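Notes for the one structure printed next.
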Amino acid sequence: MALTTRRSSIRIAVGGIMTECNHFGGLPIDIGSYEASTLHRGNQVLQHTTSVVGGMLHALRGQEAKPVPLIFASMCSAGPMTRECYLQLKDELFERLKQALPVDGVLLPLHGSALVDGLDDPEGDLIHAARDLVGPDRPIVVTLDLHAHVTEQMVRHADALIAWETYPHHDQYTTGQRATQLLFDMLAGKYRPTMAMGKVPVITSAIHGSTIGDDPFADLMRYTKSMEQRDRVLSTSLFLIHPYMDCEDMGSGGLVITDNDPALAELLAGDIAGRYWERRHDLEPESFTPILAIRKGLRVAGGPVILVEAADCCGGGAAGDSIAALSALVDCDIDVPSIVPVVDPEAAAECHAAGQGAELSIPIGHKLDPRWGSSRLFTGRVEHLSNGDFTYTGGQWDGHHEHMGATAVFTIGSVRVVIMSRATYDWADEQIQTVGLDPTHAKFIVAKNPMNYRLAYGDHAKAVMILDTKGPTPTTLKHVKFRNLRRPYFPADVDIPGLRPTILK
Ligand SMILES: [Zn+2]
C-alpha cells in the first residue's frame with residue numbers, strides 16, 4: 001500500500017448514495033426522488049465545491065491526486081428507499097468503479113442511517129461491495145453523519161469511518177478533507193488504522209443533541225474529541241443514532257480509530273459508550289401538549305415563542321403534513337400572529353386555483369401520511385402565492401436550489417399557514433423567508449425540526465416549547481412499539497443491570 005508512484009498518478013474513486021430513512025413514516029424514496037434532489041454522474045460529481053464531496057475533491061486536488069468520479073446521490077430524509085431504486089444506484093456506482101479499476105483507494109460519502117425496503121444496512125452492503133471489488137489492500141475511507149446506525153458490517157469492511165463533528169451539521173466539507181487526509185496517510189504507509197465502535201442501547205431524539213454549549217451531547221463530543229490528542233489515536237467519532245428506524249442492535253456511542261493498536265481502540269470506544277450511558281437521562285427532553293405550550297407561551301413577554309413540533313420533522317423523514325400545532329393555535333382563538341408550515345400539495349393547488357386574495361374553506365393536513373391524524377376543514381384567505389423556490393444558506397446543501405413546489409400563505413385569523421407541495425429539509429428559515437413572512441413579528445412560530453430551529457431563531461426566540469405530538473419523528477422513543485429493536489433499551493428501560501457496551505470491530 002506504500003506510496004511509491006508519483007502523486008499525480010494516484011487515482012481515488014469518489015461516490016456514494018446518501019440519505020437518512022424513517023421506518024415509521026415518510027414517503028418511499030424512489031429514483032425520481034433523487035433525480036428531483038441530487039443525482040450526479042461521472043464528471044458532474046467533480047463540480048461539487050461544497051459539503052462532503054467538495055471537501056474530498058479539494059483535498060484530493062491538494063494532493064495532486066486524480067479523483068475518479070462514480071455517482072453521488074443525495075436527498076432529504078424520507079421513508080425507506082425502494083429496492084429498485086437502491087439496486088439501480090448501487091449497480092451504477094459499482095459498474096463505474098469496475099470500469100475504473102485499478103484505483104489506489106476509495107472515498108465513500110455516506111450517511112449511515114439509510115434503509116432499503118427489506119435491507120436494514122445499505123451502507124454496510126455498499127462498503128462490503130466496494131471491498132469485494134478493490135480487494136483487501138486498497139484503503140476504503142467512509143464519511144458518516146453523526147446520526148448514523150453504525151453496524152458490524154460497516155466496521156469490518158471499511159478501513160476508517162469518520163463522522164461529522166457538529167450538530168447542527170456544518171462540517172461536512174472539513175469531514176471530507178479529514179477522510180481524504182487519512183486515506184493519503186495510509187497510502188504513504190504512515191498509519192495502519194485499527195477501529196472499534198462501542199455502543200449502548202440509548203435511543204433518544206436529537207432535541208438535546210447539539211454539539212454547542214452545555215447540551216449533554218456537546219459534553220460527550222468534547223470528551224470524545226479530546227481523545228484525539230492521545231498517542232496512536234487517529235480519529236474519534238460520537239454517534240447519536242437516528243432513532244426513527246426499527247433495526248436490531250441499534251445504539252449510540254463512540255468509534256475510535258488507532259494506529260495499529262486494536263486493544264486501545266476497543267478500550268476507548270467502550271469508555272465513550274459507558275459515558276454515553278451515564279448521560280442518558282440528560283438526553284431525554286421535557287415536552288408539553290400543544291395547548292399547554294401555547295398557554296405557557298402566552299405568559300412569556302414578546303415573541304417569537306418557538307413551538308417545536310419535532311414529531312413531524314421532514315429532515316427526519318416525516319411527511320411534514322401534521323396539523324397538531326396548527327389546530328391548537330386555531331382552537332385557542334388568540335389574536336397573536338403565528339406561522340405554521342404544513343406540507344399539503346392538494347391544499348396548495350386549491351389555493352393557487354382560487355388565486356391571491358380569495359377566501360375559501362379547504363381541508364388541510366394528514367393526507368400524505370394519514371397514520372398520525374385526520375385532515376381538518378379550515379376557512380381562510382389566500383395571502384400569497386409562490387413557486388416555492390429557495391436557496392439554502394448553509395449546511396450540507398449550502399447554495400443548493402430547492403423547490404417546495406406550488407406554495408401558498410393561507411391566513412386563518414392571525415395564523416399564517418405556509419402550505420407547501422413538497423417536504424424539504426430545514427436548515428434555517430429559508431422556506432419562511434422565501435414566501436415573504438417576517439418571523440421577528442410572530443408571537444408563535446411552529447418549527448418542525450428538533451435542532452435547526454436554533455439556527456433560525458436561537459438569537460431572538462423568547463422561549464422554546466417542545467411539543468408532545470404524534471408523528472414518525474417523536475420527541476421520545478419511550479412509547480414506540482419497535483418490532484425489531486429488542487428490549488431492553490433506554491428510555492423504555494431506565495436501568496439495565498449488568499449492561500456492558502457492545503464492541504464492534
Ligand atoms: Zn444528522
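Ligands are counted one by one from 1 in listed order, and the atoms in each one are counted from 1 as well. Here the structure is a predicted model, which means the values were calculated and not measured. Just so it is clear, the values below take in all heavy atoms, side chains as well, and ignore hydrogens, waters and symmetry mates.
- Put simply, the side chain of D120 reaches to within 4.5 Å of the side chain of L115, judged on heavy atoms.
- Side-chain contact between F490 and W277 is present, with heavy atoms from C-beta onward closer than 4.5 Å.
- Remark: the backbone N or O of D30 is paired with a side-chain donor or acceptor of S33 at under 3.5 angstrom.
- Side-chain contact check for T211 versus D215: every heavy-atom pair is 4.5 Å or farther apart.
- Between the side chain of K448 and the main chain of S322, a donor-acceptor pair closer than 3.5 Å is present.
- Relative orientation of the W397 and H400 rings is tilted, given thresholds of 30° and 60° on the angle between their planes.
- Here the protein contributes D145 OD1, D145 OD2, H147 ND1, H169 NE2 as N, O or S atoms under 2.8 Å from the Zn ion (ligand 1).
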